[in-house]
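Beneath this line is the structure, given in structure tokens, with notes to follow.
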Amino acid sequence: MKLKKILIATTNKGKLREFKQLFENTGIEILSLEDMPERIEVEEDKETFLENAIKKAKKYGDFYKIPVIAEDAGLEVEALNNYPGVYSARFYSIDFGGKVEVKENKDKANIEKLLKLMKDKENRKARFVSVVVFYYPEEFGFWTEGYCYGEITDKPKGEKGFGYDPVFIPEGYSETMAELDPEEKNRISHRGKAVSKLMERLKKLMN
Ligand code: IMP
């Protein structure tokens, strides 16, 4: 199998930046939905990360007819019955725990809601989950997953990364994910782990 280009099925700039870094030096060109001539909308309306990722990979792969990587990722917080989970991107707008108004941006609104719900919680344990699906249109597909365990802080700190990074301290660290350099985050993150497993599989397929 020859693999020159892969479409990363996302419009999330933070996510795309991390995928591009993870594929640096592989010789594979990374495209995003912004590079596509025509846009199609795919709703993430499934109950699991895997189902959402498969849905996106198949829809975009079959439409654009190029190999696709689709990821569905999120944060699971033990004290909140694993919420926000598949609702991570739009947690601020979900009824669970009350809706929060978007003032500056969605990431900040999500964090505001999470910290409100975690206010009196002693158990701060949480994990990031990444499920990554590779789909080669009409031929085959496979998926990998990665986890990053840690704790939720009581206030945001750090400017790097995206999403819930400013309120998540990875296990073994004293800084939040948003205080880590991008290379360090990619080394320990859920996404970094899922993508390195995916690359192992791709290397075997390309030989
Ligand atoms: P998705 O685009 O449906 O996969 O939604 C992912 C959402 O989960 C993002 O909008 C973030 O809120 C959160 N998320 C996923 N990965 C990360 C990460 O690496 N750091 C912080 N938040 C993340």
same_hphob_cluster(Phe140, Val68) at 4.5 Å side-chain heavy-atom cutoff: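 Phe140 does not cluster with Val68.
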Rounded to the nearest 0.5 Å, what's the gap from [atom1] on [X] to [atom2] on [Y]? Could you check?
X	Y	atom1	atom2	value
Phe168	Thr153	CZ	OG1	10.5 Å
Leu114	Tyr83	CG	OH	13.5 Å
Tyr147	Glu76	OH	CD	7.5 Å
Ile28	Leu202	CD1	CG	6.0 Å

For atom [atom1] of [X], is the number of surrounding heavy atoms from other residues, nucleotides or ligands below 6.0 Å larger than 12?
X	atom1	result
Lys15	NZ	yes
Tyr173	OH	yes
Lys58	NZ	no
Lys59	NZ	no

- Is Arg201 positioned over the aromatic face of Phe134, cation under 6.0 angstrom from the ring centre and no more than 45 degrees off axis?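 No cation-pi geometry.
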[X]/[Y] ion pair, N-O < 4.0 Å:
X	Y	answer
Lys185	Asp165	yes
Glu200	Lys203	yes
Arg124	Asp154	no

### Task
Determine, stepwise, if the pair Glu34 / Arg39 fulfils side chain to side chain contact (heavy atoms under 4.5 Å, CB included).
CA-CA 8 Å; Glu34 313 266 326; Arg39 283 290 273 280; 4.1 Å; yes
Practice item. Check the pair Ile69 / Val195 against side chain to side chain contact (heavy atoms under 4.5 Å, CB included), numbers first and verdict last. Key: CA-CA 10 Å; Ile69 286 177; Val195 169; over 6 Å; no
Salt bridge (charged side-chain N to carboxylate O under 4.0 Å, His left out) between Lys103 and Glu112, intermediate numbers included: CA-CA 10 Å; Lys103 290 172 212 131; Glu112 184 188 327; 3.4 Å; yes
Exercise. Step by step, work out the side chain to side chain contact (heavy atoms under 4.5 Å, CB included) result for Asn186 and Glu18.
Key: CA-CA 7 Å; Asn186 277 339; Glu18 292 183 8; 3.9 Å; yes
Test side-chain hydrogen bond (donor to acceptor under 3.5 Å, both in side chains), reference Glu71, set Lys56, His190, Arg191, output is Arg191
* Take Lys46 and Ile54, measure what side chain to side chain contact (heavy atoms under 4.5 Å, CB included) needs, and give me the verdict at the end. => CA-CA 10 Å; Lys46 303 286 184 190; Ile54 290 175; over 6 Å; no
